[in-house]
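Right, one structure below, let's go through it.
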Amino acid sequence: MIDKRVASLADAVAGVKDGATVLVAGFGTVGIADDLLEALHEQGATNLTIVHNNAGNGDVGLARLINSGRVTKVICSYPRSGDYSAFLNAYRNKTLELELVPQGIISERMHAHAAGLGGFFSPVTAHTKLAEGKETREINGVLHVFEKPLKGDVALLRAMKADRWGNLVYNQSARNFNPIMAMAADLSIVQVDEMVELGSMDPEAVVTPSIFIDRIVVVGAKA
């Protein structure tokens with residue numbers, strides 16, 4: 001019987017290794033697996049590379065990991081959003097490396113890995129500092145920049161509903177990075193508001209199919 005549920009948040013993040021690349025879904029405050037990030041902090045893995053939309057806010061979740069010196073590199077699009085003091089302090093102290101990547105390029109780089117592609121050419125960063133050191137090619141008269149695939153060792157996801165196989169339904173815009181990160185990581189872990197019976201979800205509403213999910217932990221809905 002397939003059952004990907006684990007008993008606790010600690011069990012969900014067990015085995016995340018030092019030096020891991022962790023894909024953290026969410027956009028702004030929507031769709032972020034806050035409880036899994038806190039559990040990862042308690043778990044103790046260090047020297048982490050984090051892939052996320054921003055570089056954390058306040059002193060919780062990703063920002064807490066940065067403040068604790070557990071993150072050595074952030075790959076993101078918006079490092080200065082909200083209360084980004086954790087990122088700013090670490091970056092100024094030269095303990096945190098930043099790889100700035102446009103949001104669509106992050107998504108497509110992960111998609112390239114998931115699809116087994118060796119990379120792709122895009123005009124987005126052409127003629128900017130983000131293209132420095134990268135292969136370029138003119139396609140139909142427009143300069144394109146080669147972008148490499150982006151793979152995660154672990155993805156931390158959040159969904160509204162799951163069944164025990166790992167089929168996921170998201171809450172509206174919370175689907176943002178969650179589906180593509182589920183496909184681009186070796187180990188996909190999801191915190192869910194609610195566990196439902198097999199066959200009770202409308203198949204048309206399932207955004208991430210179970211084949212991409214490894215562990216499920218139920219944390220309940222938050223206010």
Side-chain angles (χ1 to χ4, degrees), residues 1-16 20-40 50-54 61-62 75-77 101-117 120 149-223:
M1 182 180 76
I2 298 174
D3 190 346
K4 298 176 181 176
R5 291 174 290 185
V6 296
S8 67
L9 287 161
D11 291 338
V13 298
V16 177
T21 294
V22 183
L23 310 181
V24 178
F27 185 93
T29 59
V30 178
I32 299 177
D34 298 304
D35 297 271
L36 288 175
L37 283 168
E38 292 297 317
L40 183 60
I50 301 292
V51 181
H52 188 43
N53 175 259
N54 59 57
L62 173 54
I75 301 173
C76 74
S77 303
V101 183
Q103 187 170 279
I105 298 297
I106 289 182
S107 180
E108 285 306 309
R109 285 180 61 188
M110 291 187 291
H111 183 261
H113 171 72
L117 303 177
F120 60 94
L150 181 56
K151 165 187 173 298
D153 298 302
V154 181
L156 302 183
L157 315 170
R158 181 171 183 172
M160 181 172 64
K161 295 180 181 180
D163 59 30
R164 61 178 172 81
W165 284 4
N167 294 304
L168 303 182
V169 171
Y170 300 102
N171 183 15
Q172 299 180 1
S173 62
R175 67 179 58 186
N176 49 63
F177 278 126
N178 278 285
I180 191 63
M181 288 184 170
M183 299 168 64
D186 293 338
L187 175 67
S188 293
I189 306 167
V190 57
Q191 72 170 68
V192 300
D193 299 345
E194 180 184 3
M195 184 68 66
V196 299
E197 293 296 323
L198 283 175
S200 66
M201 290 190 289
D202 179 356
E204 296 293 336
V206 173
V207 178
T208 296
S210 61
I211 192 172
F212 297 112
I213 299 302
D214 299 289
R215 299 176 185 173
I216 307 163
V217 61
V218 181
V219 300
K222 303 293 179 62

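Across A174 and G31, no two heavy atoms sit closer than the pair CB-CA, 3.8 Å. Considering all non-hydrogen atoms of both residues, I213 and A182 come closest at CD1-CB, 4.2 Å. The two residues G26 and N53 make their nearest non-hydrogen contact at O-CB, 3.6 Å.
Between L40 and L156, some side-chain heavy-atom pair lies under the 4.5 Å cut-off. Under the 4.5 Å side-chain criterion, counting only non-hydrogen atoms from C-beta, E197 is not in contact with D163. Between I189 and V154, some side-chain heavy-atom pair lies under the 4.5 Å cut-off. Between R5 and V217, the closest side-chain pair of non-hydrogen atoms is not below 4.5 Å. No side-chain heavy atom of V218 sits less than 4.5 Å from a side-chain heavy atom of E194. Within the 4.5 Å cutoff, the side chain of V22 has no heavy atoms near those of the V51 side chain. Side-chain contact between P179 and Y170 is present, with heavy atoms from C-beta onward closer than 4.5 Å. No side-chain heavy atom of H113 sits less than 4.5 Å from a side-chain heavy atom of L150.
Once rounded to the nearest 0.5 Å, the distance linking CG of N171 with CG of D193 reads 7.5 Å. Between the CE atom in M160 and the CG atom in N178 there is a gap of 12.5 Å [rounded to 0.5 Å]. Going from atom CD1 of I75 over to atom CG of L23 covers 9.0 Å, rounded to the nearest 0.5 Å. Atom CE of M110 is separated from atom CE of M181 by 4.0 Å, given to the nearest 0.5 angstrom. The CG atom of L157 lies 8.0 Å from the CG atom of L36; values are rounded to the nearest 0.5 Å. Between the CZ atom of R175 and the CZ atom of F27 there is a distance of 15.0 Å, given to the nearest 0.5 Å.
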Would L62 and I50 satisfy side chain to side chain contact (heavy atoms under 4.5 Å, CB included), going step by step from the backbone distance to the final call?
CA-CA 8 Å; L62 173 54; I50 301 292; 3.7 Å; yes

Give the intermediate values and the outcome of side chain to side chain contact (heavy atoms under 4.5 Å, CB included) for residues I216 and V6.
CA-CA 6 Å; I216 307 163; V6 296; over 6 Å; no

Step by step, would you call F120 with E108 a side chain to side chain contact (heavy atoms under 4.5 Å, CB included)?
CA-CA 9 Å; F120 60 94; E108 285 306 309; 3.5 Å; yes

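S210 contributes no side-chain N or O that, together with a main-chain N or O of G166, makes up a donor-acceptor pair within less than 3.5 Å. In this structure a side-chain-to-backbone donor-acceptor pair under 3.5 Å is missing from H52 to C76. S188 places no side-chain N or O within donor-acceptor distance of the main-chain N or O of D214, the cut-off being under 3.5 Å. A distance-only check finds a donor-acceptor pair linking the side chain of R164 to the backbone of I2 [under 3.5 Å]. S77 contributes a side-chain N or O that, together with a main-chain N or O of Q103, makes up a donor-acceptor pair within less than 3.5 Å. A distance-only check finds no donor-acceptor pair linking the side chain of S107 to the backbone of G104 [under 3.5 Å]. When atom types are taken as modelled, the side chain of K161 and the backbone of V169 share no donor-acceptor pair closer than 3.5 angstrom. Formation of a donor-acceptor pair under 3.5 Å by the N167 side chain with backbone atoms of V206 is not found in this model. Looking only at distances, a side-chain donor or acceptor of R158 sits under 3.5 Å from a matching main-chain atom of I32.
Using a cutoff of 4.0 Å between basic side-chain nitrogens and carboxylate oxygens, K151 and D153 are scored as salt-bridged. Between R215 and D11, none of the side-chain N atoms (NZ, or NE/NH1/NH2) sits under 4.0 Å from a carboxylate O, so this pair counts as no salt bridge.
Counted within 6.0 Å of CG on L198, heavy atoms from surrounding residues, nucleotides or ligands total more than 12; the atom is thus considered enclosed.
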